[in-house]
Amino acid sequence: MVSQKMNDDIKKILISEEELKAIVEKLGKQITEDYKGKNVLLIGILKGSVIFMADLMRAIDLPCNIDFMAVSSYGNGTESSGRVKINKDLDNDIQGKDIIIIEDILDSGKTLYYIRDILSARKPNSIKICTLFDKPERREADIKADYIGSLVPNEFIVGYGLDYAEYYRNLPFIGVLKESVYENNN
Ligand code: IMP
Ligand code: MG
């Protein structure tokens, strides 16, 4: 059950608002340096990346376009199903563009593996992956991110865009849920 007050469901805060801000600023600076003289197209993977994307794009000092893609790989549980389906495709052609895929978290890697495959087939000039969080211990697919905000332990985290059963995306920090939240749902 999700409480009326979201904070009541949080066992601990893993990454504070201030820490998130510093992580995102650092990524923005790196991208700005690496892509000097170019235009970038940021492709946000919905819905988990929205808050990260909104902050990251403001930390990038380059001519920048954005687009979004929605795929589903998770049900309402906390484990990857292995199935990935495109629910919303990009609005624009990416051929010849320098694209950066923006993800909230790289877990088994199955979602990004699939997305990278379809996007590479559309012949962008270059393709890189920027993930806010990485759980390397959980990796099953052969994929690595080019930009990683922070490594996180093998725990299910919520907030700053990341959800559990579509809730908690609006928490301004990254937290770990109390076990009681899962008990009546799985
Ligand atoms: P993967 O295909 O296993 O890498 O799954 C990646 C997707 O699973 C992410 O984009 C998230 O939507 C979701 N996910 C994986 N781990 C977490 C987590 O700890 N909290 C919330 N969502 C997660
Ligand atoms: Mg999700």
Side-chain angles (χ1 to χ4, degrees), residues 12-71 73-74 80 90-92 94 97-120 124-139 141-164 168-176:
K12 66 174 178 202
I13 295 179
L14 198 66
I15 304 177
S16 69
E17 272 188 84
E18 292 69 29
E19 287 166 327
L20 283 167
K21 196 164 189 291
I23 290 169
V24 175
E25 288 289 327
K26 195 171 160 203
L27 288 171
K29 282 211 174 81
Q30 266 178 282
I31 292 172
T32 303
E33 276 175 28
D34 293 354
Y35 286 82
K36 212 174 255 161
K38 293 183 180 162
N39 293 13
V40 279
L41 171 60
L42 305 179
I43 297 182
I45 307 304
L46 296 172
K47 305 172 207 158
S49 73
V50 285
I51 297 179
F52 174 40
M53 176 89 154
D55 285 343
L56 179 68
M57 64 187 286
R58 285 177 287 181
I60 294 176
D61 187 11
L62 293 169
C64 165
N65 292 133
I66 61 170
D67 206 340
F68 292 94
M69 188 166 194
V71 302
S73 65
Y74 270 63
S80 185
L90 299 175
D91 290 339
N92 293 303
I94 59 169
K97 306 261 172 79
D98 292 300
I99 68 172
I100 309 179
I101 304 173
I102 311 294
E103 240 308 27
D104 53 355
I105 185 165
L106 193 47
D107 188 34
S108 75
K110 289 177 190 165
T111 314
L112 266 188
Y113 188 85
Y114 176 80
I115 291 173
R116 189 187 53 182
D117 241 35
I118 0 177
L119 296 185
S120 326
N125 182 52
S126 69
I127 179 163
K128 282 194 183 178
I129 293 171
C130 173
T131 187
L132 178 56
F133 301 118
D134 190 4
K135 284 183 186 168
E137 293 165 56
R138 300 255 308 165
R139 196 76 82 258
D142 179 20
I143 191 148
K144 277 207 298 273
D146 302 281
Y147 300 99
I148 300 168
S150 176
L151 298 178
V152 287
N154 188 6
E155 272 181 301
F156 196 79
I157 58 176
V158 294
Y160 199 72
L162 287 95
D163 72 304
Y164 168 66
Y168 308 105
R169 294 192 198 273
N170 53 330
L171 282 171
F173 52 80
I174 294 292
V176 177

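Inter-residue side-chain proximity for Asn65 and Asn39 is flagged as unmet; no heavy-atom pair is nearer than 4.5 Å. Contact of the Tyr160 side chain with the Val24 side chain is registered, since non-hydrogen atoms from C-beta on lie closer than 4.5 Å. Using a 4.5 Å cut-off on side-chain heavy atoms (C-beta onward), Ile101 and Ile45 make contact. Between Arg169 and Val50, every side-chain heavy-atom pair lies at or beyond the 4.5 Å cut-off. Residues Ile105 and Ile157 have side chains in contact (heavy-atom distance under 4.5 Å, counting atoms from C-beta outward).
Within a 6.0 Å radius of NZ in Lys47, other residues, nucleotides and ligands contribute 12 heavy atoms or fewer. By the neighbour-count criterion of 12 heavy atoms within 6.0 Å, atom CG of Asp117 is densely surrounded, having more than that number from other residues, nucleotides or ligands. When the shell of 6.0 Å around CG of Asn125 is examined, it contains more than 12 heavy atoms from other residues, nucleotides or ligands. Remark: Tyr113 OH is loosely packed, at most 12 non-hydrogen atoms of other residues, nucleotides or ligands lying under 6.0 Å away.
Lys135 places a side-chain N or O within 3.5 Å of a backbone atom of Glu155 that can act as its donor or acceptor partner. Distance alone, capped at 3.5 Å, places no donor-acceptor pair between the Ser49 side chain and the Phe52 backbone.
A salt bridge does not link Asp55 with Lys21: every distance from a Lys NZ or Arg NE/NH1/NH2 to an Asp or Glu carboxylate oxygen is 4.0 Å or more.
The CG atom of Leu42 sits 7.5 Å away from the CD1 atom of Ile66 when rounded to the nearest 0.5 Å.
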Assess the residue pair Asp134 and Arg139 against the criterion (salt bridge (Lys or Arg N to Asp or Glu O under 4.0 Å)); give the C-alpha distance rounded to whole Å, side-chain angles, the decisive distance to 0.1 Å, and a yes or no.
CA-CA 9 Å; Asp134 190 4; Arg139 196 76 82 258; 2.7 Å; yes
